[in-house]
Amino acid sequence: MSDYVPAGGAPDNLKGTFAQQFHAMAKPIGSTCNLDCTYCYYLSKEYLANGPGAGRMSDETLERYIQQYIAGVTGSEVIFSWQGGEPTLLGLDFFRKVVAFEKKYARPGQRIENDLQTNGTLLDEEWCGFLKEHRFLVGLSIDGPREIHDHYRVTKGQRPTFDQVFAGAKLLQRHGIPFNTLTCVHRFNGRRPRDVYRFLRQELDSKNIQFIPIVEHRDFKRLAPQKWNDAELPKDGDPEARPGRPNSIVTDWSVDPDDWGYFLCQVFDRWLANDLGKVMVNHFETLVGQHLGFPSQMCIYSETCGKAVAVENDGSVYACDHYVYPEYRLGNVSTGILGEMVFSREQAGFGLSKSGSLPQYCRQCAYLKDCWGECPKNRFIRTPDGEPGLNYLCRGFKKFFAHALPEIERIATRLRNEPLYVKKRV
């Protein structure tokens with residue numbers, strides 16, 4: 001459940017042709033959800049002017065999307081990612097159609113995989129039977145132990161959800177369904193990394209862990225990324241460049257940049273001491289891979305982006321999951337071709353701007369090739385000398401890289417002498 005799309009070789013029927021790879025993240029129910037998580041960046045899409053709105057993807061649009069995605073990705077593997085909102089609200093019949101359409105359009109020698117991101121509250125025996133039968137990988141959102149999880153992740157009636165999510169996790173485990181835990185790091189749990197990691201490992205027995213920093217510009221509901229007024233952006237170190245301050249540039253629930261660095265450092269130490277080689281933590285595994293010379297497994301740490309688009313419930317295609325705004329709409333699968341949109345001049349410019357728009361402050365940074373400015377949607381503060389385009393989390397990442405990179409390099413050095421292990425793990 002990451003932004004990584006394996007490269008792979010072309011199947012036999014495509015040998016000698018260019019193997020074209022990209023990743024599409026489908027939102028077949030749009031922003032519709034049965035929860036009302038305080039920090040959710042997607043619930044507001046329903047009310048965004050000229051945005052995709054709420055609603056269910058039609059069967060016609062679903063079939064067209066699946067056909068175009070399989071046709072567009074000419075490598076050996078196509079990964080379908082189903083997100084929301086809450087995709088399980090669509091019901092099992094919808095996903096039975098998904099599997100049927102995938103079988104209808106699959107090419108010989110081309111492997112089709114599915115992953116489903118869910119809040120876990122609607123999982124039951126029937127769902128688990130389906131997910132097991134069709135080999136779905138599940139991404140389960142859970143923010144830590146009860147007190148932490150229930151602080152922001154609540155129902156529409158503001159009731160806690162921990163018990164339902166924990167029960168969903170145990171169902172997945174009982175059925176032998178592989179799942180990743182997706183844990184948001186925000187202002188409430190940013191100073192509690194030990195509690196969060198201990199819960200994920202000891203109580204949930206998670207072996208595939210993703211940490212997602214919650215960062216949202218204060219006007220994210222109406223203002224698209226990179227459409228900010230640069231003159232109004234605070235400098236790194238200003239009080240306004242932190243949450244919970246008067247005129248903060250971020251929402252109150254956004255993680256503090258120093259807390260983000262602290263969180264990663266503390267978890268890294270525990271992972272290194274107890275779980276290296278046994279537990280996959282997204283930020284750590286990709287960093288080891290990068291120091292072995294592999295491409296980043298996460299788009300946020302890649303030099304460029306643009307190969308991971310979002311497909312909304314109405315068939316609209318957007319430059320990225322975090323750029324679902326009218327300004328970044330590429331077209332619609334009902335009137336255009338998905339593969340052509342992804343490799344269009346417009347989308348190529350979007351992807352290249354990730355590195356091209358970096359301030360000089362970043363270009364001179366010792367950690368440039370580890371970070372590449374992280375996600376552009378978080379670049380809404382200015383450098384100490386006033387240049388716009390600095391990532392809000394910069395100081396946190398610097399703290400983490402300074403702490404972890406000596407050990408990361410030692411791990412990478414050992415692995416260079418174990419090629420079979422490298423091939424298996426990275």
Answer yes if the side chains of [X] and [Y] hold a donor-acceptor pair under 3.5 Å, and no otherwise.
| X | Y | value |
| --- | --- | --- |
| D269 | H403 | yes |
| N180 | N282 | no |
| N189 | H149 | no |
| N391 | E374 | yes |
| H186 | S254 | no |
| T88 | E86 | yes |
| Q83 | Y42 | no |
| S357 | R379 | yes |
| T183 | Q210 | no |
| Q158 | D36 | yes |
| W82 | N114 | yes |
| R153 | T161 | no |

Should we say atom [atom1] of [X] is surrounded by more than 12 heavy atoms from elsewhere, each under 6.0 Å from it?
| X | atom1 | answer |
| --- | --- | --- |
| R96 | CZ | yes |
| K221 | NZ | no |
| R159 | CZ | no |
| K103 | NZ | no |

Is there a side-chain contact between [X] and [Y] (heavy atoms, below 4.5 Å)?
| X | Y | result |
| --- | --- | --- |
| K307 | Q21 | no |
| R201 | D275 | yes |
| W372 | S302 | no |
| H283 | L287 | no |
| I408 | F268 | yes |
| F179 | N208 | no |
| S81 | H23 | yes |
| L415 | I411 | yes |

Under 3.5 Å: donor-acceptor pair, side chain of [X], backbone of [Y]:
| X | Y | value |
| --- | --- | --- |
| K45 | V324 | yes |
| N313 | G55 | yes |
| R242 | P257 | no |
| S296 | C299 | no |
| T286 | Q297 | yes |
| T155 | G157 | yes |
| Q226 | P376 | yes |
| S353 | F350 | yes |
| Q347 | G306 | yes |
| R56 | L90 | yes |

Query - Evaluation steps, side-chain contact (heavy atoms from CB on, under 4.5 Å), between R64 and L338 - result: CA-CA 10 Å; R64 190 182 297 269; L338 180 61; over 6 Å; no

Requested in this report: In sequence, state the C-alpha distance, the side-chain angles, and the governing distance for E312 and R329, and then conclude on salt bridge (charged side-chain N to carboxylate O under 4.0 Å, His left out).
Outcome: CA-CA 10 Å; E312 261 291 344; R329 185 178 180 274; over 6 Å; no

Report task. With side-chain contact (heavy atoms from CB on, under 4.5 Å) as the test, would you mind laying out the steps for I112 and I79 before giving the verdict? Result -> CA-CA 6 Å; I112 306 294; I79 301 176; over 6 Å; no

N-O pairing of [X] and [Y] below 4.0 Å:
| X | Y | value |
| --- | --- | --- |
| E125 | R174 | yes |
| R135 | E113 | yes |
| D93 | K97 | no |
| D256 | R187 | no |
| E303 | K369 | no |
| E46 | K27 | no |

Near-ring test [Y]/[X], centroid separation under 6.0 angstrom:
| X | Y | result |
| --- | --- | --- |
| Y367 | Y301 | no |
| F400 | F263 | no |
| Y69 | Y105 | no |
| Y392 | H217 | no |
| Y318 | Y325 | no |
| W127 | H175 | no |
| F94 | F130 | no |

Report task. Determine the minimum heavy-atom distance between M341 and N332, stating which atoms define it. Result -> CE-O, 3.3 Å

Requested in this report: Measure across L172 and C128 and return the closest heavy-atom pair with its distance rounded to 0.1 Å.
Outcome: CD2-SG, 4.1 Å

Requested in this report: Answer yes or no on whether K399 is positioned over the face of Y262, meaning its NZ or CZ is under 6.0 Å from the six-membered ring centre and within 45° of the axis.
Outcome: no

Query - Parallel, tilted or perpendicular, as decided by the 30° and 60° cut-offs, for the rings of F211 and Y197 - result: tilted

**Report entry** Whether H134 and F136 hold their rings parallel, tilted or perpendicular, with breakpoints at 30° and 60°
**Finding:** perpendicular

Report task. Could you walk me through whether D238 and K235 pass salt bridge (charged side-chain N to carboxylate O under 4.0 Å, His left out), step by step? Result -> CA-CA 6 Å; D238 286 350; K235 292 182 182 179; over 6 Å; no

Report task. Take D163 and R146 through the test salt bridge (charged side-chain N to carboxylate O under 4.0 Å, His left out) and record every step on the way to the result. Result -> CA-CA 8 Å; D163 287 339; R146 183 188 307 275; 2.7 Å; yes

Report task. Evaluate the side-chain contact (heavy atoms from CB on, under 4.5 Å) criterion for residues F199 and I148: first the C-alpha distance (whole Å), next the side-chain angles of each, then the deciding distance (0.1 Å), finally the verdict. Result -> CA-CA 11 Å; F199 167 79; I148 291 175; over 6 Å; no

Requested in this report: With side-chain contact (heavy atoms from CB on, under 4.5 Å) as the test, would you mind laying out the steps for D258 and R395 before giving the verdict?
Outcome: CA-CA 6 Å; D258 284 330; R395 57 176 49 223; 3.3 Å; yes

Query - Residue pair D230, R382: steps toward the salt bridge (charged side-chain N to carboxylate O under 4.0 Å, His left out) verdict - result: CA-CA 8 Å; D230 289 345; R382 291 182 290 155; over 6 Å; no

